[in-house]
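Take a look at the structure set out below.
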Amino acid sequence: MTVPERVTADWIATLANAQLMTVESRLDSEFLDEENEEKERRGDRYTLLQGPAALVNAWLRWQMVNNEARSRGLLVRHRK
């Protein structure tokens with residue numbers, strides 16, 4: 001499944017629960033990759049919403065999908 005660069009509520013609404021969980025997992029992974037890279041670069045000065053656009057966009061895309069999954073009552077778990 002192709003995830004659009006700009007995730008919207010309308011696009012999210014077209015996803016079945018299984019698709020939503022797949023996308024949520026993928027976007028979570030992408031966000032964590034961006035976040036870990038920024039944390040390594042900035043160290044103690046790391047602040048999510050003051051990071052580069054790629055980090056903030058990765059967070060926003062994941063957060064929108066994660067919120068929808070939770071609002072549908074889906075159990076979201078990730079391996080840490």
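The figures that follow rest on heavy atoms only: side chains count, while hydrogens, waters and symmetry mates do not.
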Does Glu34 have any side-chain hydrogen bond (donor to acceptor under 3.5 Å, both in side chains) partners at least two apart in sequence or in another chain, and if so, which?
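Not a single residue meets the side-chain hydrogen bond (donor to acceptor under 3.5 Å, both in side chains) criterion with Glu34.
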Residues two or more places apart in sequence or in another chain: which of them pass side-chain contact (heavy atoms from CB on, under 4.5 Å) with Thr8?
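If we apply the side-chain contact (heavy atoms from CB on, under 4.5 Å) test to Thr8, skipping adjacent residues, the hits are Arg6, Asp10, Trp11.
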Between Met21 and Ala69, the two heavy atoms sitting closest are SD-CB, 4.1 Å
Can you list the residues that meet the salt bridge (Lys or Arg N to Asp or Glu O under 4.0 Å) rule with Arg41, with sequence neighbours excluded?
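Here the qualifying residues are Glu38.
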Atom pair CD (Gln19) and OG1 (Thr14), whose distance is rounded to the nearest 0.5 Å:
7.0 Å
With heavy-atom distances below 4.5 Å as the criterion, would you say the side chains of Met1 and Val23 are in contact?
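Touching, per the 4.5 Å side-chain cut-off.
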Any side-chain heavy atom of Asp33 within less than 4.5 Å of one from Ser29?
yes
Establish, from distance only, whether the side-chain atoms of Asn36 and Glu40 form a donor-acceptor pair under 3.5 Å.
no
Pairs of donor and acceptor atoms involving the side chains of residues 46-60, under 3.5 Å and at least two apart or interchain, shall be tabulated with distances.
residue	atom	partner	partner atom	Å
Tyr46	OH	Glu35	OE2	2.9
Asn57	ND2	Ala53	O	3.3

Under the salt bridge (charged side-chain N to carboxylate O under 4.0 Å, His left out) definition, can you give me all pairs with a residue in [range], not counting sequence neighbours?
{"range": "residues 62-71", "value": "Glu68-Arg72"}
{"range": "residues 46-59", "value": "none"}
{"range": "residues 44-67", "value": "Glu30-Arg61"}

